[in-house]
Amino acid sequence: MFTAAEDPYAKLLMDAMKSSGCTVYKDRHFSCEECDGAVSGGFDAASSEIVLCQNNIQNQSHMNRVVTHELIHAYDHCRAHVDWFNNVRHLACSEIRAANLSGDCSLGNELNRFKFGFKEHHKVCVRDRALRSILAVRKVSREAAEKAVEDVFDTCFNDHEPFGRIPHSKRDAKYAYRDFQNRDRYFANL
């Protein structure tokens, strides 16, 4: 079972949402359901609920990654007031951020997918995962989805909030969480 208290990615995102005025309640904002296809989870903006697809999540680390990915969407929904349904560029930006910051494109995950590459491979993976996610949730042409991803890629890829960096491992996420907790200390002492 997923517990936010043990996962530094989720702890940081939930604390950041609370700081932004969007407290997350486990029993209200998470739902486990049977899902069609190969989708592992989703964020329902209308109800501000994260859906975990219990029939498609293979293990604890996969679930943690899905929760983190969907919490990034929830965080974006909270802080940026994303127009999920009418602006494909907003959706593209959140999908880029989720692929970039959730661990979806970690070296281990890419090796498990038999995808290899060295130079700029993380960016290639993020583009590919964002494009796939857009096509899975919106009825738009591949060309329109590719254009949306390309239009916002640099800005959204470089938006690391609330982590402050790309957390490439749980250790990185723990450091990011510590930094997040201490973010106001410097200015408080001036």
Side-chain angles (χ1 to χ4, degrees), residues 1-26 28-30 40-43 45 48-50 52 59-82 84 90-112 118-130 133 149 152-190:
M1 177 63 184
F2 174 79
T3 56
E6 296 172 15
D7 186 72
Y9 293 89
K11 280 193 324 192
L12 192 155
L13 285 159
M14 290 171 70
D15 280 3
M17 288 178 66
K18 186 176 182 179
S19 292
S20 297
C22 301
T23 302
V24 178
Y25 299 101
K26 211 169 36 171
R28 158 65 183 89
H29 294 107
F30 290 90
S40 299
F43 175 68
S48 295
E49 186 175 66
I50 291 170
L52 301 172
N59 55 45
Q60 185 69 47
S61 66
H62 183 204
M63 184 168 65
N64 290 354
R65 214 170 40 255
V66 171
V67 167
T68 299
H69 182 107
E70 302 309 333
L71 276 171
I72 291 167
H73 293 319
Y75 176 76
D76 288 347
H77 184 71
C78 173
R79 75 167 181 147
H81 308 291
V82 177
W84 299 101
H90 285 195
L91 174 62
C93 187
S94 191
E95 290 297 352
I96 289 164
R97 286 178 31 75
N100 190 26
L101 301 173
S102 68
D104 285 352
C105 290
S106 70
L107 179 61
N109 286 334
E110 283 295 271
L111 291 174
N112 286 337
F118 294 101
K119 188 173 183 189
E120 303 277 320
H121 184 75
H122 183 77
K123 283 185 175 181
V124 170
C125 174
V126 168
R127 271 192 177 89
D128 179 57
R129 305 287 297 172
S133 292
V149 168
V152 300
F153 189 82
D154 288 336
T155 299
C156 300
F157 183 82
N158 290 308
D159 179 358
H160 302 146
E161 286 303 313
F163 294 95
R165 61 173 70 86
I166 299 172
H168 291 289
S169 66
K170 265 193 172 181
R171 189 167 144 206
D172 284 349
K174 285 178 184 175
Y175 288 135
Y177 182 60
R178 181 202 61 205
D179 292 347
F180 178 81
Q181 289 178 305
N182 295 325
R183 71 194 178 286
D184 296 325
R185 283 193 179 167
Y186 174 77
F187 295 108
N189 292 324
L190 292 179

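Only a predicted model underlies this, so the values are computations on that prediction, with no experimental measurement involved.
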For the residue pair [X] and [Y], what are the closest heavy atoms and their distance?
| X | Y | result |
| --- | --- | --- |
| V149 | A130 | CG2-CB, 4.3 Å |
| G41 | V66 | CA-CG1, 4.0 Å |
| C105 | V126 | SG-N, 3.4 Å |

Kindly compute the distance separating [atom1] ([X]) from [atom2] ([Y]), expressed to the nearest 0.5 Å.
| X | Y | atom1 | atom2 | result |
| --- | --- | --- | --- | --- |
| F163 | Y9 | CZ | OH | 7.0 Å |
| D7 | T68 | CG | OG1 | 4.5 Å |
| R97 | D76 | CZ | CG | 4.0 Å |
| K170 | Y177 | NZ | OH | 14.0 Å |
| N100 | I166 | CG | CD1 | 4.0 Å |
| C22 | L13 | SG | CG | 12.5 Å |

Residues forming a side-chain contact (heavy atoms from CB on, under 4.5 Å) with K174, sequence neighbours excluded: P8

Contacts of H77 that satisfy side-chain contact (heavy atoms from CB on, under 4.5 Å) - sequence neighbours left out: F43, A45, S48, W84

Within-4.5 Å side-chain heavy-atom neighbours: L101 and H160: yes

Test item: L71 and I50 side chains (from C-beta on) under 4.5 Å apart, heavy atoms: yes

Results of side-chain hydrogen bond (donor to acceptor under 3.5 Å, both in side chains) for [X] - residues two or more places apart only:
| X | value |
| --- | --- |
| H62 | S40, Q58 |
| R165 | D179 |
| S19 | R183 |
| S61 | N59 |

Donor-acceptor contact present, side-chain D128 to main-chain V124, <3.5 Å: no

Short side-chain to backbone donor-acceptor contact, N182 and R178, under 3.5 Å: yes

For D15, all residues meeting salt bridge (Lys or Arg N to Asp or Glu O under 4.0 Å), sequence neighbours excluded: none

K18: salt bridge (Lys or Arg N to Asp or Glu O under 4.0 Å) partners, not counting sequence neighbours: none

Looking at residues at least two apart in the chain, or sitting in another chain, which of them share a ring pair (Phe, Tyr, Trp, His ring centres under 6.0 Å) with [X]?
| X | value |
| --- | --- |
| H69 | H73 |
| F153 | F157 |
| Y75 | none |

Pair D159 + R79, salt bridge at N-O below 4.0 Å: yes

side-chain contact (heavy atoms from CB on, under 4.5 Å) between V152 and I96, worked out: CA-CA 9 Å; V152 300; I96 289 164; 3.8 Å; yes

